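Atoms within each ligand, like the ligands themselves, are counted from 1 in listed order. All figures in this text were calculated on a predicted structure; none of them were measured in a lab.
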Amino acid sequence: MSIGIIGSGNIGAAFARALARGDIEATIANSRGPDTLKELVREIGPSIKAGTREQAAAADIVLVAVNWSKLPQALAGLPSWSGRIVIDANNPIEAPLFKPADLSGRISSQVFAELVPGARVVKAFNHLPPPLLAGDPQAEGGRRVLFYSGDDARAKAEVGTLIERLGFFGIDLGDLTTGGRLVQFPGGPLPVHNLVKFG
Ligand SMILES: NC(=O)c1ccc[n+]([C@@H]2O[C@H](COP(=O)([O-])OP(=O)(O)OC[C@H]3O[C@@H](n4cnc5c(N)ncnc54)[C@H](OP(=O)(O)O)[C@@H]3O)[C@@H](O)[C@H]2O)c1
């Protein structure tokens, strides 16, 4: 399973750090090109490589962590997703105003899914601040909890397996509508809570 990351900011880099901790390979991309990522990947570790947006998007699992308003541009003009897994780590709000985006009553993952037609979308890695995602998942005598949800059972299972491999305790919240609503930020009840599973 190859892994790509579109977005190399707080969340994209934190996810890359979590992968690097487990020596898992990935290609990370931003809007400015691989040359601008040389320092970041050197610092994160040898399993993480800088690539173009197209190279990152060609992976079997692609995590997208881009500012909400820039998502259409970041996902435009890419080759067909053809059933590959896309992880939506995005929240419909952004600095500096932190004004929630107008979603016309929909959940953000439904809006996101329309930007990646043909992909199997799994919502995950969006509910914690970046340092908790990048940090040691062994916490307070247990394992830090990450949530995931999606409409495709196999895609969801792959992401659940990745979450476990990274050392977190994954909780399947159900389909995209149900889980997406629970982890939606702002509005859902789960974001920002740093939960730990004991035993
Ligand atoms: N920060 C948090 O606490 C947090 C927590 C959970 C979820 N999230 C969500 O995660 C997403 C990313 O947040 P962040 O804090 O990581 O943002 P960030 O630090 O501002 O990073 C955004 C990244 O998106 C890239 N990007 C923008 N336009 C692009 C394009 N056209 N093509 C490719 N890459 C592009 C940027 O690349 P360039 O710099 O090269 O433009 C940058 O690497 C957002 O949706 C946010 O709501 C954030």
- Got a second to check how far Leu173's CG is from Ser149's OG, nearest 0.5 Å? 5.5 Å
- Item | Inter-residue atom distance Gln184.CD - Asn126.CG, 0.5 Å rounding | 8.5 Å
- Message: Once you restrict to heavy atoms under 4.0 Å, what part of Leu71 touches ligand 1? Side chain, backbone, both or neither.
- Response: neither
- Between atom CD1 of Ile107 and atom CG of Leu176, what is the distance when rounded to the nearest 0.5 Å? 5.0 Å
- Note on the structure: heavy-atom search around atom 46 (C) of ligand 1 in the protein gives Asn91 N, 3.9 Å
- Message: More than 12 heavy atoms of other residues, nucleotides or ligands under 6.0 Å from CD of Gln73: yes or no?
- Response: no
- Note on the structure: Nearest heavy atom to atom 2 (C) of ligand 1, choosing from Ala74, Pro130, Pro72, belongs to Pro130
- Query: Between Thr36 and ligand 1, which residue portion shows a heavy-atom distance shorter than 4.0 Å: side chain, backbone, both, or neither?
  - Reply: neither
- Distance filter under 4.0 Å to Ala65 heavy atoms, resulting ligand 1 atoms: 11 (C), 12 (C), 23 (C), 24 (O)
- Message: To check your reading of the model: name the closest protein heavy atom to atom 6 (C) of ligand 1, its residue, and the distance in Å.
- Response: Asn126 O, 3.2 Å
- Message: I want to confirm something. Looking only at heavy atoms, which of Asn67, Leu37, Asp88 is nearest to atom 17 (O) of ligand 1?
- Response: Asn67
- With sequence neighbours excluded, tell me which residues meet salt bridge (charged side-chain N to carboxylate O under 4.0 Å, His left out) with Arg53. none
- Working to the nearest 0.5 Å, report the span between CZ of Phe98 and CG of Asn91. 11.0 Å
- Task: State plainly whether the residues Glu158 and Arg165 are in salt-bridge range, i.e. N to O under 4.0 Å.
- Result: no
- Message: How long is the straight-line distance from CD1 of Ile5 back to CD1 of Ile61, given to the nearest 0.5 Å?
- Response: 11.0 Å
- Decide, yes or no, whether a salt bridge links Lys123 with Asp88 under the criterion of side-chain N to carboxylate O below 4.0 Å. yes
- Query: Can you tell which of Val66, Leu132, Asn90 gets a heavy atom nearest to atom 27 (C) of ligand 1?
  - Reply: Val66
- What is the nearest protein non-hydrogen atom to atom 41 (O) of ligand 1, stated with its residue, atom name and distance? Ser31 OG, 2.6 Å
- N or O pair under 3.5 Å between Ile6 and ligand 1: no
- Option of least heavy-atom distance to atom 1 (N) of ligand 1 (set: Asn10, Leu78, Ile5): Asn10
- Would you call Arg143 and Glu164 a salt bridge, taking side-chain N to carboxylate O under 4.0 Å as the test? yes
- Query: Can you list the atoms of ligand 1 that are under 4.0 Å from a heavy atom of Ile93?
  - Reply: 47 (O)
- Any idea which protein heavy atom is nearest atom 43 (O) of ligand 1, and the distance to it? Ser8 N, 2.8 Å
- Less than 3.5 Å between some nitrogen or oxygen of His127 and one of ligand 1, yes or no? no
- Query: Any ring-ring contact (aromatic ring centres under 6.0 Å, His included) pairs touching residues 2-53, not counting sequence neighbours?
  - Reply: Phe15-Phe125
- Message: Considering non-hydrogen atoms of the protein only, which is the closest contact for atom 40 (O) of ligand 1, and what is the distance?
- Response: Arg32 NE, 2.6 Å
- Could you grab the distance from atom CZ of Phe168 to atom CD of Gln138, nearest 0.5 Å is fine? 10.0 Å
- Message: Please list, in number order, the atoms of ligand 1 under 4.0 Å from a heavy atom of Gly7.
- Response: 23 (C), 24 (O), 25 (C), 43 (O)
- Query: In ligand 1, which numbered atoms sit nearer than 4.0 Å to a non-hydrogen atom of Ala89?
  - Reply: 7 (C), 8 (N), 9 (C), 10 (O)
- Task: Any chance you could lay out the side-chain contact (heavy atoms from CB on, under 4.5 Å) test for Arg144 and Leu128, step after step, and finish with the verdict?
- Result: CA-CA 10 Å; Arg144 206 181 307 290; Leu128 284 179; 3.6 Å; yes
- Judged by heavy atoms only, the candidate from Ile28, Val64, Ile11 nearest atom 16 (O) of ligand 1 is Ile11
- Message: Side chain or backbone, does Gly9 bring an N or O within less than 3.5 Å of an N or O on ligand 1?
- Response: yes
- Task: Check each atom of ligand 1 against the heavy atoms of Lys70 and keep those under 4.0 Å away; list them by number with element.
- Result: 27 (C), 28 (N)
- Work out whether the distance between some heavy atom of Arg53 and some atom of ligand 1 is less than 4.0 Å. yes
